[in-house]
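Scroll down for the structure; my scribbles are underneath it.
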Amino acid sequence: MIRTENLSLKIGAKMLLKPLSVELESNQLHLILGPNGAGKSTLVKLLSGQLKPTSGEVFYGEEPLSSIKMEELARFRAVLSQSVDFAFPLRVEEVVMMGRYPYFSSRPAKLDLEIVQESMRWFGILHFADRDYTTLSGGERQRVQFARIMAQIWPGDDTHRILFLDEPLTFLDVKYQYDFLKKIRNFIGTQNLTVIGVLHDLNLAARFADKQILLKEGELIVHGDQKTVLTSEHIRKAYGMEPRLIEAEGRLIIDF
Amino acid sequence: MKKAKFIPLILGFILLLTVYLSLRYGAIKLSWEEISGGIRSLFSGEQATLNERIFAELRLPRVLLCILTGAALAVGGVLMQALFRNPIVEPGLVGTSSGAAFGASLYFVLGAVLHFDGGEWTLPIAACVGGIVATWLVFMLSGSFRSRSSIVGLLLTGIAINALFLSGIGFLSYIARDPQARSITFWNLGTISGANWHSVLIVGASTLLCVLLALRYTKSLNALMMGEDEARLVGVNIKRLKLEVLTINVIIVSVATAFTGVISFVGLIVPHILRMMGGSDNRYLLLNGILMGGIVLTLADLVARMTLRPAELPIGIVTSVVGVPVFIFLLRKGKFYF
């Protein structure tokens with residue numbers, strides 16, 4: 001379980017995240033929703049340890065995040081960002097290998113090489129393993145990054161792993177968005193993995209998330225499962241727009 | 001892009017060829033018998049002919065110093081470019097070389113004025129200290145020890161500090177007497193002609209040690225290609241990485257510069273050529289940079305010795321004549337990143 005206690009972030013005079021205490025259960029997909037400037041990305045960066053809070057603390061299980069060493073953290077926590085650019089040309093395989101960097105000191109072990117191959121196969125990028133990353137399209141790059149991130153938290157033992165998604169679908173087309181989220185669901189179902197992420201698309205969130213966290217202007221509106229969170233009232237409050245909620249074949253569709 | 005499996009073999013072969021040419025040709029052409037006689041006299045200490053002594057005491061250490069200095073400059077270039085994610089950075093741009101030159105100039109002038117002669121070590125030590133001070137100034141003033149420092153800030157600070165030290169050198173050569181002023185000029189243009197077995201041993205030790213240390217950082221430097229944030233996420237301690245890699249760079253470059261004077265552009269061009277040949281993996285760049293740096297500087301020295309035979313050109317002039325067009329080509333291609 002990941003828990004926050006009075007977690008807040010203030011930069012200058014601006015409160016980016018007002019004190020927040022939530023509990024996020026393990027082995028679920030938690031998606032953070034809200035309009036622009038709601039503090040979604042801030043929350044993900046605080047939870048993943050990329051930002052240091054002004055007040056409060058994040059706990060992974062019982063352990064305060066601030067007491068975990070960066071090298072140690074990298075072996076069970078990974079973050080998939082919107083896009084990653086490289087300063088120099090590098091082969092795709094070498095990029096994916098970076099996911100294994102927390103595990104070896106100077107040269108990869110046989111296991112690392114196998115995991116990199118396996119991860120590339122899983123994301124269908126094996127056929128361009130030798131290509132230069134900087135020449136790939138946005139969608140292809142994101143698949144490479146996904147393979148790298150999964151290589152980083154590849155299940156080897158039963159350690160609990162945490163994956164953060166920081167709007168990773170921005171540059172993907174619909175097919176890959178669904179493909180990606182189905183893979184995430186599959187991972188959560190088969191591994192000891194918790195996923196916490198930011199998405200813009202409410203319908204994708206409704207379709208795939210176990211729990212949703214709705215924020216507005218750095219403040220929590222509501223946190224819970226779909227029935228609790230995605231109501232007309234909450235959506236109106238967060239986005240200032242009147243939604244139309246359609247129930248079809250047991251699925252919720254949100255239209256404006 | 002393919003894995004660069006054969007590149008070390010090819011480079012190794014070219015290096016051997018270059019070394020062979022460099023050993024045989026120069027102000028005096030040496031024969032095979034003289035070379036083998038020179039090698040024998042090195043080990044047995046038996047009486048040698050003049051040409052054998054030229055080989056054993058001048059030419060061989062000179063070629064070795066070329067290889068070691070070339071390797072040191074190339075490795076410095078690889079480290080700096082990786083650290084700043086920018087292919088136009090080289091040790092000279094962040095003050096190391098001009099600082100070393102200032103330290104050396106100060107030694108020439110003060111040494112002559114004060115009739116001070118601390119032995120053959122004083123010049124290298126003065127240059128080394130100068131290089132360290134200048135680099136440290138550039139990094140401190142540009143805030144590069146902090147995270148998220150800007151490359152533009154670093155380069156501009158580098159220009160300012162370079163200008164400061166160059167005017168310092170200018171002042172020193174202005175007040176210096178003729179022989180000292182000439183030493184300063186020669187030293188600022190770089191020359192391998194002072195090579196002897198002492199300098200080979202010192203530069204060799206420093207280069208070997210720094211390369212072994214640097215190899216431990218190639219993984220983290222690779223991760224840094226993704227940017228500081230992403231590198232942190234795979235467990236890289238950016239602040240420590242910057243400080244340690246920078247220290248390695250200052251030592252390896254200052255020590256080499258201390259014995260040879262300022263040799264520009266080698267650290268810039270070598271990593272770039274290697275990147276075009278086989279990608280940007282820093283381990284590959286570092287190991288092959290040793291070979292390629294050796295080739296480039298040995299060739300440059302051969303050209304410097306052969307052009308005005310029996311006199312010689314300062315080697316820095318040769319590397320600049322080749323390096324400037326390449327540098328401008330890189331700028332025009334726009335393959336650099338701020």
Side-chain angles (χ1 to χ4, degrees), chain A residues 41 44-45 48-51 68-108 112 128-136 141 144-145 148-149 151-153 162-164 166, chain B residues 1-5 78 80-89 147-148 151 212-241 271-272 274-287 330 335-338:
Chain A
S41 233
V44 160
K45 288 195 166 72
S48 61
Q50 288 170 280
L51 286 176
I68 306 174
K69 275 211 206 100
M70 198 156 52
E71 293 84 352
E72 170 65 24
L73 199 57
R75 287 192 206 112
F76 67 90
R77 180 278 282 119
V79 180
L80 184 60
S81 321
Q82 204 171 70
S83 68
V84 176
D85 292 325
F86 274 72
F88 298 111
L90 206 65
R91 292 184 313 116
V92 164
E93 190 179 356
E94 290 170 328
V95 174
V96 178
M97 182 55 87
M98 290 186 179
R100 300 305 297 170
Y101 279 3
Y103 299 89
F104 61 86
S105 66
S106 72
R107 321 240 38 200
D112 299 312
F128 55 78
D130 273 335
R131 273 184 63 190
D132 172 5
Y133 179 85
T134 55
T135 65
L136 300 179
R141 285 183 188 199
V144 174
Q145 288 305 322
R148 172 176 72 86
I149 292 301
Q152 188 182 345
I153 51 170
I162 310 166
L163 170 61
F164 291 94
D166 199 351
Chain B
M1 260 189 337
K2 273 282 166 197
K3 277 188 196 166
K5 274 183 198 154
V78 168
M80 295 299 274
Q81 294 183 2
L83 202 56
F84 293 97
R85 311 178 65 206
N86 193 315
I88 65 160
V89 178
S147 60
R148 271 175 265 279
I151 186 79
L212 288 178
L213 282 174
L215 279 174
R216 294 178 53 218
Y217 295 96
T218 54
K219 193 188 76 174
S220 301
L221 287 173
N222 280 351
L224 199 58
M225 286 186 223
M226 299 188 283
E228 294 188 5
D229 290 333
E230 292 291 333
R232 253 186 221 108
L233 287 170
V234 289
V236 177
N237 186 335
I238 303 288
K239 213 174 158 183
R240 221 176 68 196
L241 179 75
H272 197 84
L274 287 172
R275 235 177 251 122
M276 290 196 296
M277 284 165 63
S280 316
D281 175 47
N282 281 301
R283 194 183 167 84
Y284 151 79
L285 290 179
L286 206 67
L287 292 172
L330 292 185
K335 270 256 172 197
F336 58 97
Y337 312 81
F338 285 115

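All chains are named by letter (A, B, ...) in the order of the sequence lines, taking the proteins before the strands, and each is independently numbered beginning at 1.
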Checklist entry - Is it the backbone or the side chain of Gln152(A) that comes under 4.5 Å from a heavy atom of chain B, or both, or neither? => result side chain
Item to check | side chain to side chain contact (heavy atoms under 4.5 Å, CB included), paired with Asn222(B), selected from Met98(A), Met97(A), Glu94(A) | outcome: Met98(A)
Item to check | Least distance between heavy atoms, Lys219(B) atom then Tyr101(A) atom | outcome: NZ-O, 2.7 Å
Next on the checklist: Which one wins on heavy-atom pair count under 4.5 Å against chain B: Ser106(A), Ser105(A), Gly49(A)?
Outcome noted: Ser105(A)
Checklist entry - So what's closer than 4.5 Å to chain B heavy atoms on Arg75(A): side chain, backbone, both or neither? => result neither
Checklist outcome for this item: Taken to the nearest 0.5 Å, the spacing of Arg91(A) CZ from Ser280(B) OG works out to 11.0 Å
Next on the checklist: Counting C-beta onward and ignoring hydrogens, is there a side-chain heavy-atom pair between Met70(A) and Arg232(B) closer than 4.5 Å?
Outcome noted: yes
Checklist outcome for this item: CZ (Phe86(A)) and CG (Leu224(B)) are apart, to the nearest 0.5 Å, by 10.5 Å
Next on the checklist: Is Arg148(A) close to chain B through its backbone or its side chain, or both, or neither, when contacts mean heavy atoms under 4.5 Å?
Outcome noted: side chain
Checklist entry - Would you say Val79(A) and Glu230(B) make side-chain contact, with heavy atoms under 4.5 Å? => result no
Checklist entry - How many angstroms lie between CZ in Phe88(A) and CG in Asn282(B), if you round to the nearest 0.5 Å? => result 7.5 Å
Checklist entry - If you take all heavy atoms of Gly235(B) and Glu71(A), which pair is closest and at what distance? => result O-CG, 3.7 Å
